[in-house]
**Student:** 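Have a look at the structure that comes next, please.
Just so we're on the same page: letters track the sequence lines, and every chain starts at 1. Predicted, not measured: the structure shown is a model, and the values here were computed from it.
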Number of protein chains: 2
Amino acid sequence: MVARYALSDAELDRLFRALADATRRDIVARVLGGEPASVSALASRYEMSFAAVQKHVAVLEEAGLVTKQPQGREKMVRGNPRQLARARALLVQLESLWTSRFSQLDAILAEPRPNKE
Amino acid sequence: MVARYALSDAELDRLFRALADATRRDIVARVLGGEPASVSALASRYEMSFAAVQKHVAVLEEAGLVTKQPQGREKMVRGNPRQLARARALLVQLESLWTSRFSQLDAILAEPRPNKE
DNA sequence: ATAACGTGCAACCATCTGGTTGTACGTTAC
DNA sequence: GTAACGTACAACCAGATGGTTGCACGTTAT
């Protein structure tokens, strides 16, 4: 069971786009590694306005990398490792194109020379 | 030997940004999976101008995902799986934050209940 | 030599992005 | 009830992005 959840092009765009910002990667790391944090608690950590952090969280949420759930007057942000795994799956898939290319070449040449890196 | 090649924030930005476009992901897949291809050969595959594809290749090259080398009057584009592996490494690293959080929690609770997914 | 090909680059354009400030509104604390 | 807090959202701005066309220039083919 390799969790073959194919994401659409648009979803992948959003996913990688969301990861293409240091602040957002930091937020993901924070909410994955620690307790879920409120948006304002996150905002206090960065040298930018609350609204800016709020936008970053929104981008992460749209990409499915975090979820928000209301708790009293705050919204707790928690990480979603599943979506991270999907991004990783795509990279592994791309890498496999490369490796399979070699195994194919090896098969054609039929020369059992152990290709040591 | 886990190839600990730490990329800077800016490099990671470029890397994930480059992957956040369907055309570029397709180009990467093409040059990783098949023969190296010239820029114009790539361009002929997409419904956009040559210059647009050229720009995409430039973005991929700046991100280190592909390399170009002159061959006669064309430039052959080939994939660089190493950089892809670096992107994957970061995702794995982020995911490990999540899992380590649980192992830590398990350690604190000291309740050996096998957490089956 | 000249034409055709492959590439690079600049200028231009519409849209998106990442930041700001300000305002509004529900929730909690006093 | 009122003040403070946490969030949402709109308007605005500078700069990046993704596309276009046009032109220049080196290489290959005829």
**Student:** Are Gln83(A) and Leu7(A) close enough that some pair of their side-chain heavy atoms sits under 4.5 Å apart?
**Tutor:**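 Touching, per the 4.5 Å side-chain cut-off.
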**Student:** What are the two closest heavy atoms between Arg78(A) and Val31(A), and how far apart are they?
**Tutor:**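 In this case the closest contact between Arg78(A) and Val31(A) is C-CG2, 4.1 Å.
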**Student:** Taking only the side-chain nitrogens and oxygens of Lys75(B), find out if one of them lies under 4.0 Å from OP1 or OP2 of dG8(C).
**Tutor:**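 Yes, such a contact exists.
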**Student:** Flag the pair Asp21(B) / Val59(B) as yes when at least one side-chain heavy-atom distance between them is below 4.5 Å, and no otherwise.
**Tutor:**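 Of all side-chain heavy-atom pairs linking Val59(B) with Asp21(B), none is under 4.5 Å.
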**Student:** Under 4.0 Å from OP1 or OP2 of dC5(D): is there any side-chain N or O of Ser40(A) that close?
**Tutor:**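 Indeed not, no polar side-chain atom of Ser40(A) lies that close.
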**Student:** Gln54(A) side chain N/O closer than 4.0 Å to the phosphate oxygens (OP1, OP2) of dT7(D)?
**Tutor:**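 Result: no.
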**Student:** Which atoms of nucleotides 23-30 of chain C (N or O only) lie under 3.5 Å from a protein N or O atom, and what are those distances?
**Tutor:**
| residue | atom | partner | partner atom | Å |
| --- | --- | --- | --- | --- |
| dT27(C) | O3' | Arg73(A) | N | 3.4 |

**Student:** Only one of Glu61(A), Glu74(A), Met76(A) forms a side-chain contact (heavy atoms from CB on, under 4.5 Å) with Lys68(A), so which one is it?
**Tutor:**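 With Lys68(A) as partner, side-chain contact (heavy atoms from CB on, under 4.5 Å) holds for just one option, Glu61(A).
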**Student:** Over how many whole Å does the gap from Gln69(B) atom CD to dT7(C) atom P extend?
**Tutor:**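 Going from CD in Gln69(B) over to P in dT7(C) covers 13 Å.
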**Student:** Which atom names give the shortest non-hydrogen contact between Val39(A) and Gln54(A), and what distance separates them?
**Tutor:**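 Smallest interatomic distance, heavy atoms only, reads CG1-CA, 4.2 Å.
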**Student:** Measure CG/Asp13(A) against C1'/dT17(D) and give the value in whole Å, please.
**Tutor:**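 It is 13 Å, rounded to the nearest whole Å.
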**Student:** Quick one: Asp26(B) CG to dG18(D) C1', roughly how many Å, whole number?
**Tutor:**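 One finds 17 Å between C1' of dG18(D) and CG of Asp26(B), rounded.
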**Student:** Between the protein and nucleotides 12-22 of chain C, which nitrogen or oxygen pairs are less than 3.5 angstrom apart?
**Tutor:**
| residue | atom | partner | partner atom | Å |
| --- | --- | --- | --- | --- |
| dT17(C) | O3' | Arg17(A) | NH2 | 3.2 |
| dG18(C) | OP1 | Arg17(A) | NH1 | 3.4 |
| dG18(C) | OP1 | Arg24(A) | NH2 | 3.2 |
| dG18(C) | OP2 | Arg24(A) | NH1 | 3.2 |
| dG19(C) | OP2 | His56(A) | NE2 | 2.1 |
| dG19(C) | N7 | Lys55(A) | NZ | 3.0 |
| dG19(C) | O6 | Lys55(A) | NZ | 2.3 |
| dT20(C) | OP1 | Ser49(A) | N | 3.3 |
| dT20(C) | OP2 | Ser49(A) | N | 2.8 |
| dT20(C) | OP2 | Ser49(A) | OG | 2.5 |

**Student:** Identify the two heavy atoms, one from Arg25(A) and one from Leu19(A), that lie closest to each other, and give their separation to 0.1 Å.
**Tutor:**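 Nearest heavy atoms, Arg25(A) then Leu19(A): NH1-O, 2.8 Å.
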**Student:** Starting at atom CG of Leu42(B), determine the distance to atom P of dG8(C), rounded to an integer number of angstrom.
**Tutor:**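 It works out to 12 Å between those atoms.
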**Student:** For the pair Glu62(B) (side chain) and Arg14(B) (backbone), establish whether a donor and an acceptor sit closer than 3.5 Å, ignoring hydrogens and angles.
**Tutor:**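 Not at all, since once roles are kept as given, no pair shorter than 3.5 Å links the two residues.
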**Student:** How close do Thr99(B) and Ser96(B) get, heavy atom to heavy atom, and via which atoms?
**Tutor:**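 Heavy atoms only, the tightest pair is OG1-O, 3.0 Å.
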